[in-house]
A.B. asks: 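The structure that follows is given in the form of structure tokens.
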Number of protein chains: 2
Amino acid sequence: MQITRQTEYAIRTMLELARAPRGEFLSTRYISEQQDIPEDFLKKTLKLLVLAGLISTQRGVHGGIRLARPAGKITLVDIIEAVECNVALNVCLAPGYNCPNQPGCPVSRNLARAQQAMLNELRKESLEDMLGDQ
Amino acid sequence: MQITRQTEYAIRTMLELARAPRGEFLSTRYISEQQDIPEDFLKKTLKLLVLAGLISTQRGVHGGIRLARPAGKITLVDIIEAVECNVALNVCLAPGYNCPNQPGCPVSRNLARAQQAMLNELRKESLEDMLGDQ
DNA sequence: CCATTGTGGACTAATATTGTCCTTTTTGTT
DNA sequence: AACAAAAAGGACAATATTAGTCCACAATGG
Ligand code: FES
Ligand code: FES
């Protein structure tokens, strides 16, 4: 029940990107130094953000990464879902349990509702909002 | 971002206890068999529930465990908090980060709000409610 | 042609979770 | 008193997940 360190790296990275002038590329190395994130590990993380369509990359000498869309249209949910592929509070996925995940099961129903509530909250502020109100 | 298997064991155990006649003790062995949970692991888990004041125990020949208060007054939050000691979506606990957890930080503020929303949802139904509406 | 920067994959290390075993204490029963 | 049932407690082992590292390769601009 905890965001992983990798997710935190991703959040910090996205905030760094959101702070940069719109459209400018930042290099992985630069970000890793600024945010004190192991460079090679950060690279793997960025891959996930690329796949999720949150950042775009440019190889070569003046390359780097930048947001794929405006900071106003990215929220923490986007980042968290990108990194922790299946956000599932719910346990009842492993097969062979006494209580198989039937639509009606009250436990899984409650967990699902709680998860929704959480995600909805996280959708309320964009990266842009967050930078604004510090 | 996931409830652990141990937490699920605890939830299933609490439901089993809630189903039993009020005040009756069930043995760890019985529960472990009913719910297909490794007995010795279950014992460790029960310790946490005892510490949290959710169940009470009785040693000796007709002993076992039972709910420490009515099933109507126990929710999933109680169980989750008992087992996963510090429910903290929030990452910014580890020391020495760029973004120390200042009251104002927008990320930690958002995560905290989301966590609250989640916990609030989980508080809405008691074990009794859950057994009722299957 | 070369330095810079991202891509990809294999591998290792660290940590957390899950599971097991064994010994002790309490309690009711015989 | 002796015994069996059950919880308490703690050490240890097995797995799984997370985090971090390394190295060869591909694109890009100068
Ligand atoms: S579906 Fe798993 S506890 Fe009900
Ligand atoms: S306090 Fe950690 S991201 Fe802000």
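Here is how names work: the chains are called A, B, and so on, in the same order as the sequence lines, proteins then strands, and each is numbered from 1.
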A.B. asks: Reading DNA chain C in the 5' to 3' direction, which nucleotide is the first one with an atom under 4.0 Å from a heavy atom of chain B, and which is the last?
C.D. replies: dT18(C) to dT29(C)
A.B. asks: As an exercise, state the distance from CD1 of I79(B) to OG1 of T13(B), rounded to the nearest 0.5 Å.
C.D. replies: 9.0 Å
A.B. asks: Can you confirm whether more than 12 heavy atoms, excluding those of R29(B), are under 6.0 Å from its CZ atom?
C.D. replies: no
A.B. asks: With a 4.5 Å cut-off on side-chain heavy-atom distances among I, L, V, M, F, W and Y, is there a chain of contacts connecting F25(B) to L67(B)?
C.D. replies: no
A.B. asks: Do you know the tightest heavy-atom contact between L17(A) and R66(A)?
C.D. replies: CD2-CA, 4.2 Å
A.B. asks: Compile the donor-acceptor pairs under 3.5 Å between side chains in residues 110-119 of chain B and protein atoms, sequence neighbours left out, one pair per line.
C.D. replies:
{"residue": "N110(B)", "atom": "OD1", "partner": "R113(B)", "partner atom": "NH2", "Å": "3.3"}
{"residue": "N110(B)", "atom": "ND2", "partner": "E125(A)", "partner atom": "OE2", "Å": "3.3"}
{"residue": "N110(B)", "atom": "ND2", "partner": "P106(B)", "partner atom": "O", "Å": "2.7"}
{"residue": "R113(B)", "atom": "NE", "partner": "E121(A)", "partner atom": "OE1", "Å": "2.6"}
{"residue": "R113(B)", "atom": "NH2", "partner": "E121(A)", "partner atom": "O", "Å": "3.0"}
{"residue": "Q115(B)", "atom": "OE1", "partner": "L89(B)", "partner atom": "N", "Å": "2.8"}
{"residue": "Q115(B)", "atom": "NE2", "partner": "V87(B)", "partner atom": "O", "Å": "2.9"}

A.B. asks: Restricting to ring pair (Phe, Tyr, Trp, His ring centres under 6.0 Å), what partner residues turn up for F41(A), sequence neighbours left out?
C.D. replies: Y9(A)
A.B. asks: Distance-only criterion, 3.5 Å: show the donor-acceptor pairs between side-chain atoms of residues 46-60 of chain B and protein atoms not counting sequence neighbours.
C.D. replies:
none

A.B. asks: With I37(A), which of E8(A), E16(A), R12(A), K43(A) fulfils side chain to side chain contact (heavy atoms under 4.5 Å, CB included)?
C.D. replies: R12(A)
A.B. asks: Has E84(A) got a side-chain atom pairing as donor or acceptor with T4(A)'s backbone, closer than 3.5 angstrom?
C.D. replies: yes
A.B. asks: For nucleotides 10-24 of chain D, just jot down a letter per nucleotide in 5' to 3' order: B, S or -, based on protein non-hydrogen atoms under 4.0 Å.
C.D. replies: ---------BBBB--
A.B. asks: Would you jot down, in residue-number order, the residues of residues 52-61 of chain B having a non-hydrogen atom under 4.0 Å from DNA chain C?
C.D. replies: Q58(B), R59(B), G60(B), V61(B)
A.B. asks: Measuring from atom CD of E81(A) to atom CG of L122(A), what distance do you get when rounded to the nearest 0.5 angstrom?
C.D. replies: 9.5 Å
